[in-house]
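Below is one structure, written out as structure tokens; comments come after it.
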There are 2 protein chains.
Amino acid sequence: MTTAKTRHHHGDLKRALIRAGIDLLEEGGLEALSLRKCAARAGVSHAAPAHHFAGLPGLITAIAEEGFDIFSKYMTEAIDAGEQTDRARLRSICRGYLQFGLGHSGLLKVMFGEHGLGVHAPRSDNREEAEAYLILRSVCAPFVPEGEDPHIVEAQVWSLIHGFTLLYLGGEFGCTDAPIEDSPFEAVMALIDRIGTQATG
Amino acid sequence: MTTAKTRHHHGDLKRALIRAGIDLLEEGGLEALSLRKCAARAGVSHAAPAHHFAGLPGLITAIAEEGFDIFSKYMTEAIDAGEQTDRARLRSICRGYLQFGLGHSGLLKVMFGEHGLGVHAPRSDNREEAEAYLILRSVCAPFVPEGEDPHIVEAQVWSLIHGFTLLYLGGEFGCTDAPIEDSPFEAVMALIDRIGTQATG
DNA sequence: CGATCAATTTGACACTGTAAAGTTAATCTT
DNA sequence: AAGATTAACTTTACAGTGTCAAATTGATCG
């Protein structure tokens with residue numbers, strides 16, 4: 001076990017490769033992402049990444065983890081910037097979710113689109129992913145009836161905001177030109193506002 | 001302009017390639033889909049597909065169109081099988097949507113996941129896609145307040161059911177083992193039931 | 001029957017991921 | 001301090017991919 005500090009040749013190749021991968025992703029979408037290009041950007045031979053990731057899927061996983069970190073930041077910042085009400089916080093994470101998607105659609109795609117369609121719950125040892133989920137869970141908690149499964153409310157919120165984010169990114173239903181505040185976003189938030197006002201299941 | 005009937009060498013290569021592509025997709029996911037493998041399955045040389053599709057993206061587009069056809073069938077069949085109430089029809093297309101996703105996750109991925117994240121509205125000359133959208137539109141219509149933009153209600157429905165379908169496919173929030181009827185599906189339908197019961201925007 | 005032309009094949013190229021073997025440089029051991 | 005060990009990286013090679021240009025095949029038309 002090494003202490004993950006500065007290593008032999010390259011300073012911190014693993015990090016450099018992840019960063020290069022994110023850059024490629026944001027520049028040219030998922031198709032532009034390749035191990036060899038990442039290696040070239042990091043100034044290293046094309047086979048070097050194999051020693052840091054389990055192939056291309058491994059690099060994508062690492063990029064997705066980075067994405068979940070940024071994703072968590074968007075949500076917590078949105079929470080901090082908004083009103084401190086249970087219901088306002090629910091709206092805030094949705095706003096954070098959408099803004100993350102708009103700013104980092106490539107990351108979103110990698111996080112949710114490739115390794116299975118909707119990876120979210122803390123089933124893995126993935127620290128970053130679990131953190132994002134815990135934010136969702138804690139914000140949803142006040143709306144979970146006593147003794148009920150928290151997943152119910154979480155699924156309602158996640159379905160709505162994830163679905164809408166994809167919709168918005170696709171530019172459909174009049175989402176292209178209108179500012180976020182108008183557009184169907186407010187209507188979706190109106191549904192969010194109704195969560196927990198009746199038996200949920 | 002040819003009449004698209006039986007041609008020179010192969011009977012109907014274009015169709016055969018699409019079918020091979022769908023098979024590959026359902027067998028091994030998106031990564032297993034390649035032009036060369038489709039050609040091999042159709043018993044044809046590796047460069048033949050180029051004359052029928054604009055490269056791999058073109059083949060994927062054709063597969064997606066086929067997917068939209070099947071998708072439409074799922075929704076109309078669900079409508080026909082259910083109660084004939086405005087609100088029951090709304091639930092029915094959601095059920096059809098989910099069942100399509102469960103049965104054809106590869107197609108769903110290709111339809112919505114690759115060519116942009118959420119392609120849905122009839123912005124294109126794509127007949128199949130437009131048909132699916134028209135079903136959604138007609139079922140949503142009764143819940144659109146007079147003089148309001150139909151997109152609002154459509155976005156609410158689409159966000160919920162598309163988001164939930166991805167969630168379910170990902171096996172998160174207790175969606176793996178439970179039957180559809182339990183699980184968060186009913187809770188999501190409860191939100192669908194609340195669409196149009198108040199100002200939507 | 002011969003010309004034409006679309007459909008398909010052949011061959012080649014650049015690019016991808018990946019594996020094996022070789023090389024360098026830092027660390028460990030004595 | 002010198003040799004052995006090992007991690008980080010390179011080099012080389014191979015199979016698979018999309019794509020293009022040039023042949024070739026086979027049906028159709030005059």
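Computed from a predicted structure; not experimentally measured. Only this structure's heavy atoms are used, side chains among them; waters, hydrogens and symmetry mates stay out. Just so it is clear: chains get the letters A, B, ... in the order the sequence lines come, proteins before strands, and each one is counted from 1.
If you take CD1 of I60(A) and C1' of dT18(C), they are 15 Å apart, rounded to a whole angstrom. Whole-Å rounding puts the L35(A) CG to dG16(D) C1' distance at 15 Å. Atom-to-atom, CG of D12(A) to P of dA7(D) comes out at 18 Å; the value is rounded to the nearest Å. Look at CG on L13(B): it is 15 Å from C1' on dT25(D), rounded to the nearest Å. Rounded to an integer number of Å, the gap from L33(B) CG to dT17(D) P is 11 Å. As a whole-Å value, the separation of E31(B) CD from dG18(D) C1' is 17 Å. At whole-Å resolution of the value, CG in L56(A) and P in dT17(D) are 16 Å apart. Protein atom CG of L30(B) is 12 Å distant from nucleotide atom P of dG18(D), rounded to whole Å.
Remark: side-chain polar atoms of Q84(A) are paired, donor with acceptor, to backbone N or O of I79(A) under 3.5 angstrom. In this structure, the side chain of S34(B) engages the main chain of K37(B) through a donor-acceptor pair within 3.5 Å.
The aromatic rings of H162(A) and W158(A) lie parallel to each other, their planes meeting at an angle below 30°, with 60° marking the opposite boundary.
Using a cut-off of 4.0 Å between Lys/Arg side-chain N and Asp/Glu carboxylate O, R91(B) and E186(B) are scored as salt-bridged. In summary, K14(B) and E65(B) do not engage in a salt bridge, as defined by a charged side-chain N under 4.0 Å from a carboxylate O.
One N or O donor and one acceptor, one from the side chain of R36(B) and one from the base of dG18(D), sit under 3.5 Å apart.
Residue A47(B) is the one, among A47(B) and A54(A), whose nearest nucleotide of DNA chain C lies closer to the 5' end (criterion: closest heavy atom). The nearest heavy atom of DNA chain D to H51(A) and to H46(A) marks one nucleotide each, and the one closer to the 5' end goes with H51(A).
Heavy atoms of S34(A) sit under 4.0 angstrom from primed sugar atoms or phosphate atoms, though from no base atom. Among the heavy atoms of the strands, none lies under 4.0 Å from A50(A). Residue contacts for K14(A): at a heavy-atom cut-off of 4.0 Å it reaches no nucleic acid atom on any strand shown.
Side chain of S45(B), nearest nucleotide from dT10(C), dC9(D), dT10(D): dT10(C).
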